[in-house]
Each structure stands twice: as structure tokens, then as C-alpha cells.
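Each remark here refers to the structure printed beneath this line.
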There are 4 protein chains.
Amino acid sequence: MLTARSIAREDKRRRLLEAAVRVFARAGYHGSRVGDIAEEAGVAHGLLYHYFSSKEEVLRTIFRENWGELLERFRAVEGSDEPADEKLEGIAKILLRTWRNDPDLVTVMVREVARSRHLQEEVGAVREAFAIVQRIVEQGQEEGLFRSELDPRLASWLVYGGLEEILTGWVLGQLPDEGEAVARAEQTAIQLALGGLRAD
Amino acid sequence: MLTARSIAREDKRRRLLEAAVRVFARAGYHGSRVGDIAEEAGVAHGLLYHYFSSKEEVLRTIFRENWGELLERFRAVEGSDEPADEKLEGIAKILLRTWRNDPDLVTVMVREVARSRHLQEEVGAVREAFAIVQRIVEQGQEEGLFRSELDPRLASWLVYGGLEEILTGWVLGQLPDEGEAVARAEQTAIQLALGGLRAD
Amino acid sequence: MLTARSIAREDKRRRLLEAAVRVFARAGYHGSRVGDIAEEAGVAHGLLYHYFSSKEEVLRTIFRENWGELLERFRAVEGSDEPADEKLEGIAKILLRTWRNDPDLVTVMVREVARSRHLQEEVGAVREAFAIVQRIVEQGQEEGLFRSELDPRLASWLVYGGLEEILTGWVLGQLPDEGEAVARAEQTAIQLALGGLRAD
Amino acid sequence: MLTARSIAREDKRRRLLEAAVRVFARAGYHGSRVGDIAEEAGVAHGLLYHYFSSKEEVLRTIFRENWGELLERFRAVEGSDEPADEKLEGIAKILLRTWRNDPDLVTVMVREVARSRHLQEEVGAVREAFAIVQRIVEQGQEEGLFRSELDPRLASWLVYGGLEEILTGWVLGQLPDEGEAVARAEQTAIQLALGGLRAD
DNA sequence: GATGAATGAGATTTCATTCAT
DNA sequence: AATGAATGAAATCTCATTCAT
């Protein structure tokens with residue numbers, strides 16, 4: 001039941017998570033104090049422990065909730081009845097457009113989560129994204145669209161890694177990211193990946 | 001001059017650096033204490049401060065010395081008189097073969113350095129690697145080997161990111177890495193990248 | 001007046017106190033959280049503050065109410081017209097039988113109250129018990145039953161301490177406490193004390 | 001080897017332990033902060049963790065080192081070739097004289113250790129003291145000095161408890177403790193215990 | 001150079017208590 | 001009365017760094 005109180009509760013929790021994203025993006029996980037997050041959220045730091053068991057649990061939650069959402073969208077693409085190349089294009093667009101949508105979140109995901117030791121247990125959830133790309137590659141090979149001699153698993157890592165590196169370039173401020181540039185990055189990524197995968 | 005003393009000195013320094021690589025690989029930068037490094041090196045922890053100004057300086061040194069070596073080899077490839085596709089192949093092989101050569105070092109580079117906040121100042125050195133790949137791509141375009149409509153800078157990030165992701169897969173224990181598998185990864189990476197870049 | 005409301009009120013208060021005894025016995029005063037007590041009582045922890053001003057006040061209340069009851073029974077023994085040795089026997093039985101009656105309460109009294117700093121102000125109430133024993137000893141000396149050269153105050157502490165140590169042995173699980181054993185402890189305590197006090 | 005450094009080291013450790021005894025005696029274990037102990041010892045609080053793994057470990061060490069010493073003396077009495085009554089007298093004197101010798105230490109032992117949950121694991125060491133008293137009682141029974149119908153285990157708890165209660169009275173400031181009073185307490189305790197144990 | 005005792009800033013976490021609902 | 005969200009003081013413990021020996 002959505003009482004006024006349960007709504008308020010959900011609200012504070014959400015505010016803490018969003019504050020944590022901003023703070024982690026700005027100063028990094030290790031450079032952020034629990035008190036910084038609370039201050040950013042406008043609450044006492046003790047409250048954070050009402051909603052999360054630890055600072056690490058906050059990071060884990062950020063990952064879980066947002067990665068889950070991303071996976072949903074990946075799954076939707078996979079489940080569509082498009083040909084494999086269009087699906088891959090869809091994946092690339094979803095991933096790259098997260099940047100404009102929420103740069104802080106992408107920053108945290110790229111810098112604090114992707115290769116972190118804090119979320120080793122969540123590795124399964126990350127693997128799922130690779131598995132989707134891999135299945136799309138396999139589908140493309142079956143359709144005769146993609147070269148069948150390529151190992152689809154390795155290919156999925158290579159393609160995904162390329163996309164993630166673009167995000168990293170934006171996060172590090174090393175690649176231009178205005179609207180135009182984002183579109184060009186999308187195009188380039190898609191052309192390169194599909195060109196590499198495509199059967200002649 | 002290499003006196004016995006200066007050699008001994010160099011020796012301890014090196015032992016500390018190598019110990020740090022092992023310890024950082026095992027427990028991460030933040031999970032490692034200065035005392036752990038010293039213990040691994042078999043010296044008292046105070047000694048570390050004779051050779052390095054701080055724990056961070058140790059990480060920075062690891063990066064600098066090893067990245068410099070890698071860059072040397074990249075430059076050698078770039079400077080050779082091979083066609084662009086063979087140069088790119090060379091780069092890929094150098095990068096991927098570092099894994100078998102020194103997994104701990106790769107682990108530290110991938111997990112603690114690549115996207116870290118600790119080495120923002122060293123970003124220039126990383127950029128240099130991208131620049132080399134980018135120039136090779138440009139060379140390929142001039143030679144008519146590679147498609148000229150691709151943005152060479154973005155392409156270099158995409159290609160490099162794919163390679164780094166393979167290393168990450170190995171670091172995380174998610175991709176197989178016995179000799180055979182490494183060779184296949186090389187082949188797949190090269191085929192995919194060149195396939196994507198190649199002009200028809 | 002005992003309205004339905006005042007009864008309900010009394011009921012919650014009592015439930016909290018009984019819950020506190022169980023929780024303190026299990027985890028100790030410092031190891032117990034106010035929330036644990038409330039949970040054990042099946043109420044929200046905020047409610048505890050309607051009935052008690054603090055966590056310490058809960059402990060104090062446990063002591064006061066139960067020690068008062070014990071004192072009543074001691075006073076009844078003292079006020080009887082039995083000879084001193086039988087009175088002392090009565091005291092010992094009352095004290096030792098509290099264990100079978102309410103082990104949790106005894107545990108709290110022995111571990112959290114008897115030597116605690118939280119109840120320094122209640123020291124007078126404890127002293128009263130010693131005074132009763134002391135007066136019984138003095139009575140015995142006057143009656144010629146007990147040796148008159150013994151300091152009755154010290155004797156009362158020694159006797160009382162012996163009894164409390166038996167309780168402690170039970171609390172710590174170091175002395176057997178099935179029915180038979182309790183009876184034997186009573187007998188031994190009485191024989192030893194009276195043997196020591198008795199004039200030849 | 002006793003280098004100047006190892007002596008200094010032992011010195012600081014000892015100073016910390018002695019400071020802890022004073023601070024615990026004054027404010028209780030829970031009322032004392034690690035910083036208070038360090039301040040009393042005249043060192044930085046971090047140093048405490050050089051020598052002890054935790055605040056609790058400090059208390060444990062206080063107990064262990066001092067209780068061990070006491071046990072030694074108990075064992076010496078037990079091992080002597082005196083009759084049982086004189087041995088018991090010896091035990092009583094040792095125990096009661098600890099008060100004048102180191103009131104703070106006795107305070108800590110009585111209030112923070114004896115019935116505490118912090119040192120449950122050390123219970124074996126405490127049991128050893130009871131076992132010694134018990135064996136003396138048994139010896140007395142065999143020698144025909146003590147009444148054989150008394151359970152020697154219970155008797156040892158009763159006797160020991162009486163002595164501990166005298167210490168408690170001193171700790172709580174409820175019993176007089178000048179030289180004269182201590183001597184009288186000794187006499188009374190011994191007369192009462194031996195009177196109770198003695199065969200007619 | 002080498003050691004490791006000593007320092008102390010700092011960070012997370014706990015939890016009694018308050019108070020708006 | 002009853003709830004439990006919110007507060008924030010407080011305390012333990014960690015560990016990079018310094019420095020006397």
C-alpha cells in the first residue's frame with residue numbers, strides 16, 4: 001500500500017541513491033565519505049544506514065538497479081524480430097546514449113563498477129549482457145549475415161569493449177561528446193563492428 | 001656508475017615494485033597496505049619511503065615504467081615499414097601477449113590504472129598509445145587499405161577498447177586464457193578489427 | 001482505577017520489562033539494543049520511551065521491582081519468631097530458589113546489576129538485604145546460638161557472597177542445577193554457614 | 001635479546017596495561033574510551049593497536065597476566081606440605097591482600113571481569129582457582145580435618161564467593177578497608193570458613 | 001640504508017533518543 | 001498510544017606517513 005509514509009520512505013532512499021551517484025562520479029567511491037552522500041542528499045548520515053547496510057551496499061544497489069534496467073532494454077532488443085545487424089545497432093545505441101542521459105551514472109559504472117572488486121558477486125549480471133551480444137552474433141552467423149569463422153564469444157567481448165571504451169573516453173573527457181559527436185561515435189562504432197562481423 | 005651499493009639500491013627498489021605489482025594484483029590498490037608490499041618484498045615498511053614518496057607514487061611508478069616499455073614497442077611497430085594492417089596486427093599481438101608475460105602486471109594496469117583517478121596526470125602517456133593506433137589507421141586510409149569514411153580517432157578507441165576488454169576478460173577469469181585460447185583471441189581481434197576497417 | 005485502558009497500558013509496560021529481562025539475560029545490557037527489547041516485546045521501539053525514560057531506566061526498574069519483592073520476603077523471614085539459624089536457612093532458600101523460578105532474572109541480577117555502575121544509586125536497597133542478614137546474625141549471637149566474636153557485618157557479607165556465588169555458578173553454567181543439585185546446594189550452603197557461625 | 005628497543009617496547013606495553021587498569025577502574029570498561037587509556041599512558045591512541053588487537057584484548061590481557069600470577073601463588077600454597085586448614089588460610093590471605101596491593105586491579109577484576117561476558121573464554125583459568133580450593137577441601141576431608149559430608153565443589157564456591165564478596169565490599173566502598181579492618185576481615189573469613197568446614 | 005615504534009587524521013558504523021504522523 | 005523514520009554524537013579501529021635509533 002502506498003501510504004504517505006511509504007512514499008516518503010521511497011523518496012529518501014531514491015534521493016540517497018541519486019546523491020551517491022553524483023558524489024561517486026565527482027570524487028570516486030574511495031574518495032567519497034558516507035557523510036558526503038548524506039549531505040548531498042540533505043539528510044543525516046545515519047539515515048543512509050536505515051536504507052543500506054554499508055557504503056558498499058549503496059554502490060551495489062546503484063549497479064543492480066541501473067544495470068537491471070539496461071539489461072531489460074538489451075533483452076527487448078534481443079527479443080525483437082529484427083535481423084542481427086539491426087539488433088547490434090540497437091545495442092550500441094542503447095549503450096552509448098546512456099551517456100547523454102546520465103553522465104554521472106555512466107561515470108560511476110565505468111570507473112567504479114565495471115572492473116571493480118566491490119561487485120565481483122554481480123559479475124553474473126554483467127555476463128548476461130555479454131551473453132546477449134553473443135547470441136545476437138550467433139544469430140547473425142546463422143542468418144548468414146556474419147562471418148561464421150569468428151568465435152562469437154570473443155567477438156561479443158571485442159564489440160562490447162569498443163563501446164565501453166567510447167564511454168570511457170567521454171567519462172575521462174578525452175573524446176568530444178556534444179550531440180553531433182555522439183551521433184558520429186554511434187555511426188563509427190556500428191560501421192566498424194558490423195564491417196568486422198559481416199560476411200562478404 | 002654501477003657501484004655495488006647502487007646495484008643493491010636498485011635491487012631493493014625493484015623488489016618493492018615487483019612486490020607491489022603482486023600485492024596490488026591480489027588485493028587491489030585500496031585493499032593493499034604499504035606494510036603488505038614491504039612484507040611481500042621482505043623489507044621493513046619504512047624503507048618503502050626511501051624509494052617512493054607515497055603509496056600512490058608506487059602505483060604511478062609501476063605504470064610509468066611499464067607503460068613506457070609498452071609504448072616503446074608500439075613505436076617500433078609504428079616506425080616499421082609494414083603496411084597498416086600488419087602494424088595493427090603487431091599492436092594487437094604486443095598488447096594481448098603481455099597477459100601471458102605478466103598477468104599480475106596486466107591485472108594492475110587494467111583494474112587499478114586504466115580508469116583510475118590516481119593517474120590522471122599520466123593520461124598523456126596513455127593518449128600516446130591511442131595516437132599511435134590512430135596514426136596507423138590514418139596511414140591505412142591513405143594507403144587505401146582502410147575505409148576513409150571512418151573517423152580514425154574513434155576507430156582507434158574502438159579497436160583499443162576491444163583489445164583491453166579481452167585482457168579484462170582474462171583478468172576477471174571470465175575468458176579462457178591457455179595458449180590456444182590466447183592465439184584464438186589474437187586472431188579474432190585482428191580479423192574483427194581489420195574486417196571492420198578494411199576498404200572493400 | 002483499573003480501566004481497560006490502564007490495564008492495557010500496564011500490560012505493555014510489563015511485556016517490555018519481561019522482554020528486557022530475557023534480552024539482557026541473553027546478550028547483556030551493553031550487548032542489547034533498545035530495538036531488541038521492543039522486538040522481543042512485539043512493539044515498536046519508540047514505544048519503550050513512553051514507559052521508560054531510557055534504556056538504563058529499564059534496567060533500574062527491573063532491579064527495583066524485583067529486588068523489592070525479594071526484600072519483602074527477606075523481611076518476612078526476619079520478622080518471624082524463629083531462631084536465627086532457621087531464619088538464615090530461610091534466607092538461603094529464598095535466594096537460591098529464585099534461580100529455578102526465573103533464571104533470566106537471576107542472570108540479569110548477577111551479571112548486570114550486582115556490581116554494576118548503572119545502579120549505584122540503588123545501592124541502599126542492596127545494603128538493606130545485607131543489613132537483614134546482619135541483624136539475623138546479631139540475633140543469633142544474642143541468643144547464644146552464634147559465636148559472638150565474629151563481626152556480624154563481615155559475616156553477613158561472607159554468607160551472602162557464598163550464596164551469590166552459587167547463583168553465579170548456575171548463571172555461568174558451571175555448577176549443576178537440576179532439582180537434586182539445587183537441594184544439595186541449599187543444604188551445603190546452610191551447613192557451611194551455620195557450621196561457621198555456630199557457637200560450640 | 002634485550003636491546004634498548006625491546007626494553008622500550010615492553011615498557012610502553014606495560015604502561016598501556018597499567019593505564020588501562022586505572023582507567024577501567026575509574027570509569028568501567030564500557031565507560032572508558034581507547035583514547036582515555038592512551039592519554040593516561042601518555043601515548044597516541046593508535047599505539048594501543050600496535051600492542052593489542054582491540055580494547056577487549058586489553059582487558060583480556062589484564063586478566064590473563066594478573067590472574068596467572070595469582071594462580072601461581074595459589075598453586076604454591078596447594079603444593080606446600082601444610083595441613084588443609086592452613087592452606088585455606090593461605091588462599092584467603094593471598095586473595096584478600098590483593099586489595100591493598102592494587103585496588104584498581106581488584107576493582108577491574110571484580111567489576112569488569114569476574115562475571116563479564118568479555119572473558120567467557122578465560123573461564124577455564126578461573127575454574128582452575130576453584131579447583132585448587134576444592135582439592136584443598138578434599139585434602140582436609142581425607143585428613144579428617146573437614147567434615148566429609150560436605151560436597152567439596154560446592155564448598156569451594158561458597159568459600160571463594162565469600163572472599164570475593166569482601167573484595168566487592170571494598171571495591172564498592174561499602175566495607176571499611178584500613179589495615180586494621182583488612183586484618184579483621186581476614187580473621188573473620190578464615191574463622192567462618194574453617195568453622196563451617198571443620199569436623200567436630 | 002634499514003627498522004619498526006609511534007603518530008593522529010579520518011572514516012565507517014552503531015544506536016539511544018526524538019518526534020512527526 | 002503507537003510507529004518507525006530521522007538524527008547525530010560517539011567510538012573503535014585503520015593505516016599512510018614520519019622519524020629516532
Side-chain angles (χ1 to χ4, degrees), chain A residues 3-6 8-13 16 30-38 41-58, chain B residues 5-6 8-9 12-13 30-39 42-58, chain C residues 5 8-9 12-13 30-39 42-58, chain D residues 3-6 8-13 30-38 41-58:
Chain A
T3 60
R5 179 172 280 188
S6 78
R9 179 187 162 92
E10 198 43 42
D11 182 50
K12 285 264 172 77
R13 199 188 101 102
L16 276 162
H30 284 102
S32 307
R33 285 162 303 174
V34 168
D36 296 334
I37 300 172
V43 300
H45 69 273
L47 188 58
L48 188 142
Y49 291 91
H50 219 68
Y51 295 105
F52 309 99
S53 63
S54 68
K55 181 180 160 187
E56 187 177 326
E57 173 69 13
V58 173
Chain B
R5 175 168 290 185
S6 77
R9 178 186 161 89
K12 284 260 174 77
R13 200 187 101 102
H30 283 103
S32 305
R33 287 163 302 179
V34 168
D36 296 334
I37 300 171
E39 190 185 16
V43 301
H45 68 271
L47 188 57
L48 187 142
Y49 290 88
H50 272 273
Y51 296 104
F52 308 97
S53 64
S54 68
K55 180 181 163 187
E56 189 178 323
E57 173 67 14
V58 174
Chain C
R5 175 171 288 184
R9 178 185 161 88
K12 284 261 173 78
R13 200 186 101 102
H30 283 103
S32 305
R33 289 164 300 181
V34 168
D36 296 335
I37 300 171
E39 191 184 15
V43 301
H45 68 274
L47 189 57
L48 188 142
Y49 289 89
H50 272 273
Y51 296 104
F52 308 98
S53 64
S54 69
K55 180 181 162 186
E56 190 177 323
E57 173 68 13
V58 173
Chain D
T3 61
R5 180 172 281 189
S6 78
R9 178 188 162 91
E10 199 43 43
D11 182 49
K12 284 266 171 74
R13 199 188 101 104
H30 284 103
S32 308
R33 284 163 304 175
V34 168
D36 296 335
I37 300 171
V43 301
H45 69 272
L47 188 58
L48 186 142
Y49 291 92
H50 219 68
Y51 294 106
F52 309 98
S53 62
S54 67
K55 180 180 161 188
E56 188 177 325
E57 173 69 12
V58 173

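A, B, ... follow the sequence lines: proteins, then strands. Residue 1 opens every chain. Worth saying up front: this structure is predicted, and the values here are computed from it rather than measured. Just so it is clear, the values below take in all heavy atoms, side chains as well, and ignore hydrogens, waters and symmetry mates.
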Can you tell me which stems involve DNA chain F, if a stem is defined as three or more consecutive Watson-Crick or G-U wobble pairs, both distances under 3.5 Å?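 So the stems come out as E:2-21 with F:2-21.
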Which whole-number value in Å describes the distance from [X] [atom1] to [N] [atom2]?
| X | N | atom1 | atom2 | result |
| --- | --- | --- | --- | --- |
| D:Arg13 | E:dG4 | CZ | P | 18 Å |
| D:Asp36 | F:dT12 | CG | C1' | 12 Å |
| B:Glu57 | F:dT17 | CD | P | 11 Å |
| A:Arg33 | E:dT13 | CZ | P | 14 Å |
| D:His30 | E:dA16 | NE2 | P | 12 Å |
| A:His45 | E:dA11 | NE2 | P | 12 Å |

Under the rule for salt bridge (charged side-chain N to carboxylate O under 4.0 Å, His left out), what residues qualify as partners of A:Glu57, not counting sequence neighbours?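 For A:Glu57, the residues satisfying salt bridge (charged side-chain N to carboxylate O under 4.0 Å, His left out) (neighbours in sequence not counted) are A:Arg60, A:Arg64.
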Please compare C:Val34 and D:Ala44 by the position of their nearest nucleotide in DNA chain E and report the one closer to 5'.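 Checking each residue's closest nucleotide, the 5'-ward one belongs to D:Ala44.
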Within a reach of under 6.0 Å around CD of C:Glu39, are more than 12 heavy atoms found that belong to other residues, nucleotides or ligands?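 No, not enclosed.
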Identify, between B:Gly46 and A:Val43, the residue whose nearest nucleotide on DNA chain F lies closer to the 5' end.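 Looking at DNA chain F, the more 5' nearest nucleotide goes with A:Val43.
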Atom of [X], atom of [Y] and distance for their closest heavy-atom approach:
| X | Y | result |
| --- | --- | --- |
| B:His30 | A:His30 | ND1-ND1, 3.0 Å |
| D:Ala38 | D:His45 | CB-CA, 3.4 Å |
| A:Ile37 | A:Leu16 | CG2-O, 3.8 Å |

Taking only the side-chain nitrogens and oxygens of C:Lys12, find out if one of them lies under 4.0 Å from OP1 or OP2 of F:dA2.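 For C:Lys12, the contact criterion (side-chain N or O under 4.0 Å from OP1 or OP2 of F:dA2) is met.
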For B:His50, give me all partners under side-chain hydrogen bond (donor to acceptor under 3.5 Å, both in side chains), at least two apart in sequence or on another chain.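 Per chain and number, B:His50 pairs via side-chain hydrogen bond (donor to acceptor under 3.5 Å, both in side chains) with no residue.
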Using a strict heavy-atom distance below 4.0 Å, which residues from residues 47-55 of chain A are in contact with DNA chain E?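 Hits under 4.0 Å, by residue number: A:Tyr49, A:Ser54, A:Lys55.
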Taking side chain to side chain contact (heavy atoms under 4.5 Å, CB included) as the definition, give me every residue that meets it alongside B:Lys12, ordered by chain and number, with sequence neighbours left out.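 Checked B:Lys12 against side chain to side chain contact (heavy atoms under 4.5 Å, CB included); matches are B:Arg15, B:Val43, B:Leu47, B:Tyr51.
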